[in-house]
Amino acid sequence: MEDVKLEIRCPQMVNGIGLEPDPDWSFKSLLLELDSLEKKLNLSSSVSLPFAKTKSREIYGEKGTKRSSNAFVMRVSDEEFEDSEGENEKVRDRGLVKAARFNCNEFYFSSSDDDSDDQPCLDVQTLMNEVGLVESALYELTHEHQLGVKEEIRNTISALETDLMNESEKSSSAHTKVEKYREARREVERKFDVQYQRRVAEGLDNHLTAVQRDHELKSQIEERKIRSDAAHEEAKRREKALQEERLRQEKAKAEAELQAKLKAEEANRAALEAERIAAKEAAEKEAAKSSKANTSEVPQTEASGGPNATSSRVENDKTNKSELAGNMLRAAESALKLERERLQKLKELEEINQSLRSSSNQNFDSTGRLIGRLIRQISGNKDKVSTQASELVKIFNNPHCPQTISIAYFAQKVVSNCESPSHSAFACAHVIVLVTSQFPQAMDLVLAEIHRACIYTVPKHISYTKSAFESKEAYWKVIGYKEDDGKIESTTDYLVRLESYMKLYGALVQTEVAGCQNVHGLKEGWAWLARFLNALPANMYTAVALYAFLQMAGFALFRKYRSQFMKMLNFISENFLNALRSQDDPDLRPITSKIQCYLEDKLFLQEPEGRTLHSSLLSNNMAPESDYHGPYHQQSRHFY
């Protein structure tokens with residue numbers, strides 16, 4: 001607040017006392033002078049005055065801070081008193097407080113001009129009146145000061161209100177800005193949403209376009225595939241027509257060759273028959289001469305009446321008959337006749353099947369694979385055997401595959417399975433009996449396949465002669481050795497296969513199934529053993545075949561024929577084993593010991609392992625029958 005100076009002009013002298021020694025008093029000087037007067041009054045008076053001051057007067061500003069007294073100077077003149085009202089208004093408008101005019105007309109001091117110091121002190125009442133005037137002036141000043149403070153407070157409140165309004169305007173402005181910002185953000189988000197939706201729409205449109213393009217591409221591929229399949233089918237049809245034509249030509253050529261071969265065989269057969277007749281006549285002449293020379297010995301042999309003599313005589317008769325053909329093929333005539341009949345049936349069946357395959361568009365290999373899988377799964381379990389047999393019968397009755405083809409597959413697979421290490425001869429024989437009881441024609445085909453695989457199941461034996469065979473390899477092929485990549489298999493492998501085939505044949509002839517007829521039963525087994533002992537020589541091949549057959553069928557033959565079978569065993573012991581021992585071959589000793597042990601220990605009284613099928617799968621039932629592996633299975637080859 002600006003300092004306001006007030007000029008106070010009072011009479012210079014009141015009753016001879018100078019009232020204004022210093023006409024330009026400041027407010028501070030005035031206060032100091034009043035204080036000094038109060039002190040003088042207090043000192044000069046022994047009575048306490050009611051307005052005695054103990055503290056100097058102080059002026060405070062509007063904010064409570066002490067204000068300097070120099071800032072307020074009062075000068076009042078008579079000319080300016082009239083304009084005080086208008087000036088006060090102007091001062092208030094400028095935020096200033098204008099002091100009121102002092103009227104000092106009633107103040108007076110009696111004093112002289114020069115010797116005021118020598119005057120006595122004023123009267124106490126006069127001084128008090130003077131002090132009351134001063135207090136009134138001070139009260140007036142205080143009141144003016146309070147008004148000024150109130151004005152300042154109003155101004156401050158007005159300023160605060162102005163600031164509040166400004167702050168409110170700023171808040172409203174800020175709120176408006178926030179709203180504008182929100183609107184801007186909403187607009188940006190809306191734009192982003194529109195842009196995102198546009199991108200989603202574009203992506204969806206691109207995806208649909210790609211899907212449509214992919215569908216069109218797939219349609220084109222399908223069309224090309226259909227056209228390609230049609231072209232392929234047409235090419236296949238043409239190829240099939242060409243193949244049928246080629247097969248027709250080959251069949252015609254094969255028939256022509258077959259006719260030529262049959263004519264050649266007929267010619268050879270006629271030549272052999274003529275040779276046989278000539279040999280027979282020569283043998284009869286020689287036999288007549290020898291019978292005259294040994295007439296006395298025959299009754300003694302017959303008189304003995306033993307089974308060995310009878311068997312020896314039968315063997316000699318049969319052997320003489322087989323030697324009539326050139327002493328190379330050793331077999332009974334009845335056995336050879338049965339073999340020819342069975343092989344002829346098999347040949348006719350193969351020709352029929354070939355014709356069916358040529359005239360049909362179907363491929364029957366899947367049927368062959370199915371039959372082979374069923375046969376390989378045969379085990380020594382009764383339920384398994386029955387299930388496999390039923391499945392095979394269903395295949396035979398399947399109208400989609402000719403029965404002759406199914407039976408041919410069955411015969412092939414059941415014989416070839418003999419070479420499998422897990423082959424169970426008794427279980428496989430049960431399946432054969434169950435199937436052939438419903439399809440009897442299949443038995444001859446199975447036997448034909450067995451004869452083709454092993455000549456000793458006929459039984460027959462072919463002896464090696466240099467004049468009849470170009471080489472030993474040619475002889476081995478004739479008796480059943482296999483050739484792989486131009487190399488003949490070893491004798492060990494051949495004997496193992498021979499043993500497996502003979503075990504299957506021995507198991508087959510002794511198998512009896514309740515409710516089923518075995519068309520090749522024990523009667524045929526007995527006939528095989530008689531023909532074998534009467535016609536075949538004793539050597540490595542025949543010894544292995546005989547031992548394998550006795551292992552499988554000896555128990556059943558003894559139970560049925562008893563004493564007659566014992567005579568057969570005696571003949572084996574006295575003739576067959578002696579013939580083996582007489583050859584003095586170290587390779588024959590193991591198999592000779594096996595047969596001798598079988599006879600001496602009477603192993604034919606014990607039921608062979610696996611003959612009775614079990615109703616539950618046991619570990620010992622799943623084990624394959626042990627193949628015959630003896631020291632005689634060596635790489636050396638013997639020819640008899």
Side-chain angles (χ1 to χ4, degrees), residues 268-269 272-273 275-280 282-284 286-287 308 310-343 447-448 450-469 472 474-481 491 494-495 498-499 501-502 505-506 524-550 568 571-572 574-583 585 587-588 591-592 595 637-640:
N268 292 333
R269 192 179 298 109
L272 289 175
E273 185 67 21
E275 183 180 355
R276 185 182 66 80
I277 293 173
K280 181 178 179 181
E284 288 176 353
E286 186 176 354
N308 294 336
T310 304
S311 300
S312 298
R313 184 171 65 255
V314 173
E315 179 186 3
N316 291 332
D317 293 341
K318 299 297 181 181
T319 302
N320 289 334
K321 291 181 180 180
S322 61
E323 287 178 353
L324 295 177
N327 202 25
M328 182 182 69
L329 179 62
R330 307 291 296 274
E333 286 294 336
S334 57
L336 293 175
K337 181 180 179 181
L338 290 173
E339 180 193 18
R340 284 194 299 268
E341 292 176 355
R342 291 165 182 164
L343 291 176
L447 293 173
I450 295 176
H451 296 339
R452 182 185 289 178
C454 179
I455 62 175
Y456 297 98
T457 58
V458 175
K460 71 177 180 180
H461 174 71
I462 301 175
S463 301
Y464 173 73
T465 58
K466 292 183 178 180
S467 59
F469 299 97
K472 293 180 180 180
Y475 168 72
W476 293 334
K477 291 180 183 180
V478 170
I479 64 175
Y481 277 73
T491 300
Y494 174 71
L495 291 176
L498 187 153
E499 182 183 18
Y501 293 131
M502 287 306 306
Y505 184 77
E524 301 298 331
W526 177 265
W528 181 92
L529 184 59
R531 292 165 184 161
F532 180 90
L533 296 175
N534 287 330
L536 271 62
N539 55 43
M540 178 69 75
Y541 305 124
T542 56
V544 172
L546 177 62
Y547 180 66
F549 180 82
L550 291 176
M568 288 285 193
F571 181 82
I572 293 172
E574 295 178 3
N575 293 274
F576 193 84
L577 289 180
N578 288 334
L580 291 176
R581 295 189 191 99
S582 64
Q583 297 178 28
D585 187 350
D587 295 334
L588 290 173
I591 187 61
T592 303
I595 298 174
R637 305 177 188 273
H638 301 270
F639 309 97
Y640 303 92

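For the single chain, residues carry numbers from 1 onward in sequence order. Bear in mind that the values here come from a model prediction, so they are computed numbers and not experimental data.
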Tightest non-hydrogen contact, residues A535 and A332, listed as CB-N, 3.8 Å
Value for CG (L536) from CZ (R330), rounded to nearest 0.5 Å, stands at 7.5 Å
Hits for ring-ring contact (aromatic ring centres under 6.0 Å, His included) against Y501, two or more places apart or cross-chain, chain-then-number order -> none
- Evaluation steps, side-chain hydrogen bond (donor to acceptor under 3.5 Å, both in side chains), between R581 and N578: CA-CA 5 Å; R581 295 189 191 99; N578 288 334; 3.0 Å; yes
CG of L577 to OG1 of T592, rounded to nearest 0.5 Å, is 6.5 Å
The reported gap from CG in L529 to CZ in F571 (rounded to nearest 0.5 angstrom) is 10.0 Å
Separation between CG (L546) and CD1 (I595), nearest 0.5 Å, reads 5.0 Å
Exercise for review: Report the C-alpha distance between Y505 and L447 in whole Å, list the side-chain angles of each, state the deciding distance to 0.1 Å, and finish with yes or no for side-chain contact (heavy atoms from CB on, under 4.5 Å).
Suggested key: CA-CA 8 Å; Y505 184 77; L447 293 173; 3.9 Å; yes
| said: Please determine whether side-chain contact (heavy atoms from CB on, under 4.5 Å) holds for the pair H461 and N539, giving the CA-CA distance in whole Å, both sets of side-chain angles, and the decisive distance to 0.1 Å. | reply: CA-CA 10 Å; H461 174 71; N539 55 43; 3.4 Å; yes
Practice problem: Quick one: do L329 and L336 satisfy side-chain contact (heavy atoms from CB on, under 4.5 Å)? Show the steps, please. | Solution: CA-CA 10 Å; L329 179 62; L336 293 175; 3.8 Å; yes
Closest non-hydrogen atoms of I455 and I462, given as atom of the first, atom of the second and distance, are CD1-N, 4.4 Å
CG (L533) and CE (M568) are apart, to the nearest 0.5 Å, by 6.0 Å
Would you call the rings of F469 and Y475 parallel, tilted or perpendicular, where under 30° means parallel and over 60° means perpendicular?
perpendicular
Please check this pair: side chain of Y456 against backbone of F532, looking for a donor-acceptor N/O pair closer than 3.5 Å.
no
Here the pair of heavy atoms bringing I591 nearest to A543 is CG1-CB, 3.8 Å
Rounded to the nearest 0.5 angstrom, the CG-CG distance for L580 and D585 is 9.5 Å
Between P537 and F576, the two heavy atoms sitting closest are O-CE1, 4.0 Å
With sequence neighbours left out, the residues meeting ring-ring contact (aromatic ring centres under 6.0 Å, His included) with Y494 are Y481, Y541
_side-chain hydrogen bond (donor to acceptor under 3.5 Å, both in side chains), that's the test. Do S334 and R531 meet it? Break it down for me._
CA-CA 9 Å; S334 57; R531 292 165 184 161; 3.1 Å; yes
